[in-house]
Structure formats: structure tokens, C-alpha cells
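Encoded as C-alpha cells, the structure appears first; notes follow it.
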Amino acid sequence: MPPGRRRHSAAVDEQLGAATAGAIRKDHAGVTLPDAVRLGLDLVVRQSGRGRPAPPREPRVPESPLTGREREIAVLIARGLSNKAIADRLTISPRTVDGHVERMLRKLDFTSRTQIASWVAASSAAR
């Protein structure tokens with residue numbers, strides 16, 4: 001761990017207590033950088049007493065041949081999560097995620113995860 005990160009980690013442990021800070025780190029280990037920034041900004045706004053920010057908009061997937069679970073995985077792919085990170089978040093095996101991704105690619109006639117992410121993004125922009 002870099003020295004700056006160690007200092008920050010120690011300060012968080014001191015403020016929250018090591019057990020609480022450790023539990024928070026474990027709960028949010030798979031959070032992406034944009035989501036972490038959003039969470040931090042939400043906390044600052046709440047603590048300032050100026051109101052609660054609107055919750056982040058989830059990308060919506062249009063009517064499609066995909067199952068509910070495949071649509072859920074498509075949104076996580078669009079957020080940039082790896083198959084392992086998706087598996088951890090959904091508490092399923094990475095191999096199960098691989099299978100879902102393969103079926104999505106086949107159903108949508110795509111050849112890459114990037115196309116799935118673009119499809120989700122384009123669908124969200126259209127709504």
C-alpha cells in the first residue's frame with residue numbers, strides 16, 4: 001500500500017474505529033472509482049444539511065431477448081466491471097457470468113463486451 005494511502009487508511013481507522021472501517025472496506029471492495037466518488041459526494045451533501053442528492057440513474061436496458069439476470073449483468077458490464085467483479089457482486093461463480101456473457105453475445109449478435117456496454121449506453125440515452 002502506498003504511503004499516502006496508509007496515512008489515509010490510518011486516519012479513517014482512527015475516526016471510525018478499526019473494526020467499523022474494516023467492515024466498510026470489505027463491503028465496498030468492489031466499488032468502482034466513479035461509484036466511490038458518487039458515494040463520497042452523497043455523504044458530503046448529506047452532512048452539509050443542504051438536502052439529499054438524487055440517486056444515480058441506473059442505465060436501463062430496452063425490451064430485449066435477454067433475461068432479467070442477463071440485463072443485470074449487461075448493466076454491470078457497461079459500468080466496466082470484470083466478470084470476476086460481477087460474480088463477486090452478484091454472489092455467483094465467474095464461470096456462470098462467463099456463460100451469461102456468451103449467451104448475451106449470441107442473442108444480440110455481438111462479438112465483444114464493448115458492444116454490450118455500448119448497447120446499454122445507447123439504450124439509456126434513448127430513454
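Along the sequence shown, residues are numbered consecutively beginning with 1. This structure is a prediction, so every number in the text was calculated from the model and none was measured.
- In this structure, the side chain to side chain contact (heavy atoms under 4.5 Å, CB included) partners of T111, at least two apart in sequence or on a different chain, are Q115.
- In this structure, K84 places its NZ atom where only 12 or fewer heavy-atom neighbours from other residues, nucleotides or ligands lie under 6.0 Å away.
- Across A74 and I116, no two heavy atoms sit closer than the pair CB-CG2, 3.8 Å.
- In this structure the side chain of V120 never reaches within 4.5 angstrom of the side chain of R79, judged on heavy atoms.
- The two atoms that bring L81 and R113 nearest to each other are O-NH2, 2.6 Å, heavy atoms only.
- Residues passing the side-chain hydrogen bond (donor to acceptor under 3.5 Å, both in side chains) test with T91: none are found, sequence neighbours excluded.
- Across all their heavy atoms, A78 and A117 have their closest contact at CA-CB, 3.7 Å.
- In this structure D98 satisfies the side chain to side chain contact (heavy atoms under 4.5 Å, CB included) test together with N83, R95, sequence neighbours excluded.
- Separation of atoms NE2 (H100) and OG1 (T67) is listed at 6.5 Å; rounding is to 0.5 Å.
- For the pair V97/L90, no side-chain contact is recorded, criterion being any heavy-atom separation below 4.5 Å from C-beta on.
- The side-chain hydrogen bond (donor to acceptor under 3.5 Å, both in side chains) check on S93 picks up T96, with sequence neighbours excluded.
- Side-chain contact between W119 and L66 is present, with heavy atoms from C-beta onward closer than 4.5 Å.
- Residues satisfying the side-chain hydrogen bond (donor to acceptor under 3.5 Å, both in side chains) criterion with S82, sequence neighbours excluded, are absent altogether.
- Here I73 contributes atom CD1 and I86 contributes atom CD1; the two are 6.5 Å apart, rounded to the nearest 0.5 Å.
- Taking the side-chain hydrogen bond (donor to acceptor under 3.5 Å, both in side chains) definition, one finds that R89 meets it with nothing, sequence neighbours left out.
- R103 pairs by the salt bridge (charged side-chain N to carboxylate O under 4.0 Å, His left out) definition with E70, not counting sequence neighbours.
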